[in-house]
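Side chains are part of it too, since the values below use all heavy atoms of this structure and drop only hydrogens, waters and symmetry mates. Counting starts at 1 for both ligands and their atoms, following the listed order.
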Amino acid sequence: MKILVINCGSSSIKYQLLDADSENVLAKGLLERIGISGSKLTHKKGNEKFEFDKDISDHTQGLAMIIDALRDEKTGVLRNVAEIEAVGHRVVHGGERFASSVLLDDEVLREVEANNFLAPLHNPANIEGIIAAKKILPTVPHVGVFDTAFHQSMSEVSYLYALPYALYRKYRVRRYGFHGTSHRYVAERAARLLGKPLKELKIITAHIGNGASVTAVKFGRSVDTSMGFTPLEGLVMGTRSGDLDPAIIPFLQEQEGLSAGEVNSLLNKESGMLGLTDRQFSDMRDIEVRASEGEPICKRAHDVYEYRLAKYIGAYAAAMNGVDAIVFTAGVGENSPYLRANVVNGYLGYLGATLDVEKNNCRGCEIIITTPDSRVSVMVIPTNEELVIARDTREIVSKGLKELKLWED
Ligand code: ADP
């Protein structure tokens, strides 16, 4: 079954065409700058890379261009567009309604739209992509896979903020968590790597990219995660502050004369590693090389970054009353032996983690990086959100389901 997986941002479409039976990626790419001049499609078929420059005004036109690339004689992998049997869509926010992946019929799409107020920057773009894809591929099933769904297993003990309860009732102000598809995938892979059932394991998954979050996965379910009502909470990230004293917000508004929107932008776009390095760097590669040479500003920023991550790992080991495995994934987690070594050697000794320096010295591999006698297994697992989306889509379509069940009650 050939499945097109798409991830629409407000001005971009990321896509993969997969053979969901063999799980091979047939083609993939990224269309950028939709609705802005200078649109560009980068399309890959195997090791071949093609680039097209053509101004694209909206997602419908963008998807049409992608479909053309997929069936073109030179760049394509399809003879006929009818070979695409289903489309899987990444959707950021499913609110409290969606605890799993779902068939996107008109009624469900309206329910997804009802969550737009929770993710005003992301969900409308996802929905625009779904509507465009339904226009271009009207006869195939479309499935939505939500970033928040995996975390719907959290209990109110972990998802409630200590705010007036009326605000939860009125606006659903609570913790939701994000990156769920990635945390779910790497937790499942970790259990495979350990050769044990997921249902018997306590796993801490650290998705450390430009955006970053940690999740406590107890017996296959997310029981806590570091991102909250929005992706701003939790770890220090590329440009996001993560946790801070909420009283800093009105303080800054008063002292600097900032509006609510300006403070929000400061916390999301000018903070994190960018803020800590005095607006010099947000890309971890730039920071790491300087920190490892002892450059003071980058070293200090990196120390804060590691410390926050280590605190969350400690908190989640406590939340689960133990931990069997800790997984590093995403851009930094997969590619940075430096971060992993500093966190494991600097903070995880009390959990009985002993690093295998040679094994840790790898980028993008799926590997256990602790010694066999280590009490907790630390591992690196490259994430694969597109594959999860394709698998869920395939399962819903082939079983004729309306909604998947991620866990048994
Ligand atoms: P997102 O999906 O949140 O945009 P990614 O998961 O793609 O982010 O991760 C991007 C981050 O990964 C960047 O900060 C980048 O510097 C970092 N990264 C990529 N390669 C390496 C590397 N070799 N060493 C350290 N960090 C890396």
Looking only at protein heavy atoms, what sits closest to atom 8 (O) of ligand 1 is Asn210 N, 3.0 Å
Ring centres under 6.0 Å, that's the criterion: do Phe178 and His93 meet it? yes
Within-cutoff protein neighbour (heavy atom, under 4.0 Å) for atom 2 (O) of ligand 1: no
When you measure from atom 12 (O) of ligand 1 to each heavy atom in Gly333, Gly331, Gly364, which option holds the nearest one? Gly331
Less than 6.0 angstrom from the centroid, inside 45 degrees of the normal: does Arg175 satisfy that with respect to the ring of Tyr159? no
Looking only at protein heavy atoms, identify the closest one to atom 17 (C) of ligand 1 and say how far it is in Å. Val332 CG2, 3.6 Å
If we number the atoms of ligand 1 from 1 as shown, the ones under 4.0 Å from a heavy atom of Arg363 are 23 (N), 24 (N)
Counting distance only, does the side-chain N/O of Ser336 pair as donor-acceptor with the main-chain N or O of Gly333 below 3.5 Å? no
Considering heavy atoms of the protein only, find what lies nearest to atom 15 (C) of ligand 1 and give residue, atom and distance to 0.1 Å. Asp283 OD1, 3.5 Å
Do Leu235 and Met227 have side-chain heavy atoms sitting under 4.5 Å apart? no
Val289, Leu339, Asp286, Asn335: member with heavy atom nearest to atom 23 (N) of ligand 1: Asn335
Would you say ligand 1 has an N or O under 3.5 Å from any N or O of Met284? yes
Do the numbers put Arg340 on top of the ring of Tyr338, so that NZ or CZ is under 6.0 Å from the six-membered ring centre and no more than 45° off the axis? no
At the 4.0 Å heavy-atom cut-off, does Gly238 count as touching ligand 1? no
Distance-only N or O hit between ligand 1 and Gly209, under 3.5 Å: no
Return the closest protein heavy atom for atom 25 (C) of ligand 1 as residue, atom name and distance. Glu288 OE1, 3.4 Å
Would Asp21 and Arg394 pass as an ion pair if we require N to O under 4.0 Å? yes
Could you tell me if the side chain of Tyr176 sits less than 4.5 Å from the side chain of Glu96, heavy atoms only? yes
Residue pairs involving residues 289-311 (criterion side-chain hydrogen bond (donor to acceptor under 3.5 Å, both in side chains); sequence neighbours excluded): Lys299-Asp303, His302-Glu306, Glu306-Asn342
